[in-house]
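The block underneath contains the structure these notes are about, expressed in structure tokens.
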4 protein chains.
Amino acid sequence: MTDVGGISSGQLRSFIDRIERLEEEKSAIAEQIRDVYGEAKGYGYDVKVIRKVIGLRKMEPHDRHEQEELLDVYMHALGMAPASDSEEEKAVA
Amino acid sequence: MTDVGGISSGQLRSFIDRIERLEEEKSAIAEQIRDVYGEAKGYGYDVKVIRKVIGLRKMEPHDRHEQEELLDVYMHALGMAPASDSEEEKAVA
Amino acid sequence: MTDVGGISSGQLRSFIDRIERLEEEKSAIAEQIRDVYGEAKGYGYDVKVIRKVIGLRKMEPHDRHEQEELLDVYMHALGMAPASDSEEEKAVA
Amino acid sequence: MTDVGGISSGQLRSFIDRIERLEEEKSAIAEQIRDVYGEAKGYGYDVKVIRKVIGLRKMEPHDRHEQEELLDVYMHALGMAPASDSEEEKAVA
DNA sequence: ACACAAAGTTCGCGTC
DNA sequence: GACGCGAACTTTGTGT
């Protein structure tokens, strides 16, 4: 019932409700994630580094490698040492 | 036990596992949201408009609050204390 | 000339220099803004309120536009074409 | 003149004008930066990598090294290969 | 491939 | 002086 201009307003409302419900769940999960990071921080862990680790685990090895290579190319082109300028000062083009 | 580099690798792994688990759940929810949008689209609804409606529903309470604050802001700008003059007795010409 | 790894190192360096130069200018402006706020604070003004006023002045035109869109949105939701019924004749129940 | 409740509205307006003027300048600079990135992109450069290079140049070498070391520690603790698993499979602790 | 929108990250601020 | 909060900016993903 209550169709307006060819659209079932009830159906539309249903879709909107479902989406809003799911958005709430998503927010709740996000909050839990923040809590875990906070807990880890409380134990002395470096949150930023943990994020980095997780990001690396999520990334495809191929893509990661590609980005790093391109970065090296640019760094070389600028005459800058590679990202990790700790123990690789052996080869310069 | 099994400490590496001064940290408990088991504890670190636990944190990371928990986060990754939650991230998966979050992604699953996000996917469900996308599915609902897709379903609505299948019924002929305009997804963009639905997003807009949801966005507006989320913002309306906020905007109303903004309006209330606006009143206070201008009260302040005029040097008149708001209804609750708690901690702003610092303005001087 | 001076190509390294297939790219013109001179051109790349030029882009980076330009960006870094602009970033410095941007930071300088940001610092000036902070200084003005500090000066206002020194005269007894409530910085938070000034920020709020500026934010509101920036948002007001936007909000008016939002209101207009809102009308269209609800028109859509009701299945009524907006003033300009250009490309939305796809909604079906 | 036109003081209201102990505040010079003229002075307040002056502060606001100055800030808004500076904000405009800042936005203009930001736009120019975007333009340069766009131009570089048009020449085939990878914008994301350029951003990374600039970020690295901005970062203190000491801090960068520290972050990388900690990352390695965590990676080791998890039994994962170091970030750049390309040509350093020579030293393992 | 672009543009918009959402998320994450960082910086400045007030607080304890 | 450190911590947490809040806003601003940057970045990533998604939809067109």
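In what follows, chains carry the letters A, B, and so on, assigned in the order in which the sequence lines appear, proteins first and then strands, with residues in each chain numbered from 1.
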Gap between atoms NZ and P, on A:Lys58 and F:dT11 respectively (whole Å): 17 Å
Gap between atoms CD1 and P, on C:Ile33 and E:dC11 respectively (whole Å): 17 Å
Measure the acute angle between the ring planes of A:Tyr43 and B:Phe15, then classify it against the limits of 30° and 60° as parallel, tilted or perpendicular. tilted
Short side-chain N/O contact from B:Lys26 to OP1 or OP2 of F:dG13, under 4.0 Å: no
Rounded to whole Å, please give me the gap between CD in B:Gln32 and P in F:dT14. 15 Å
Please give, in whole Å, the distance from F:dT10 P to D:Ile50 CD1? 16 Å
Atom-pair distance (CD on C:Glu31; P on E:dC11), nearest Å: 15 Å
NZ/NE/NH1/NH2 to OD/OE distance under 4.0 Å, B:Glu25 and A:Lys26: no
Give a yes or no on whether D:Met59 and D:Leu71 share a hydrophobic cluster (residues Ile, Leu, Val, Met, Phe, Trp, Tyr; joining criterion: side-chain heavy atoms under 4.5 Å apart). no
D:Lys48 near the nucleic acid: base, sugar-phosphate alone, or nothing, with a heavy-atom cut-off under 4.0 Å? sugar-phosphate
What's C:Arg51 touching, base or sugar-phosphate or nothing? Going by heavy atoms closer than 4.0 Å. nothing
Atom CD of C:Glu23 and atom P of E:dC11 are separated, to the nearest Å, by 12 Å
Scan C:Lys52 against the nucleic acid and name what it touches under 4.0 Å (heavy atoms): base, sugar-phosphate only, or nothing. nothing
Salt-bridge test for C:Glu20 and D:Lys58: reply yes if a basic N is under 4.0 Å from a carboxylate O, no otherwise. no
Which is true for D:Lys41 with a 4.0 Å heavy-atom rule: it touches a base, it touches only sugar-phosphate, or it touches nothing? sugar-phosphate
Rounded to whole Å, the CD1-C1' distance (A:Ile54 to F:dT12) equals 17 Å
Toward the 5' end of DNA chain F, which comes first, D:Tyr37 or B:Arg34, by nearest nucleotide? D:Tyr37
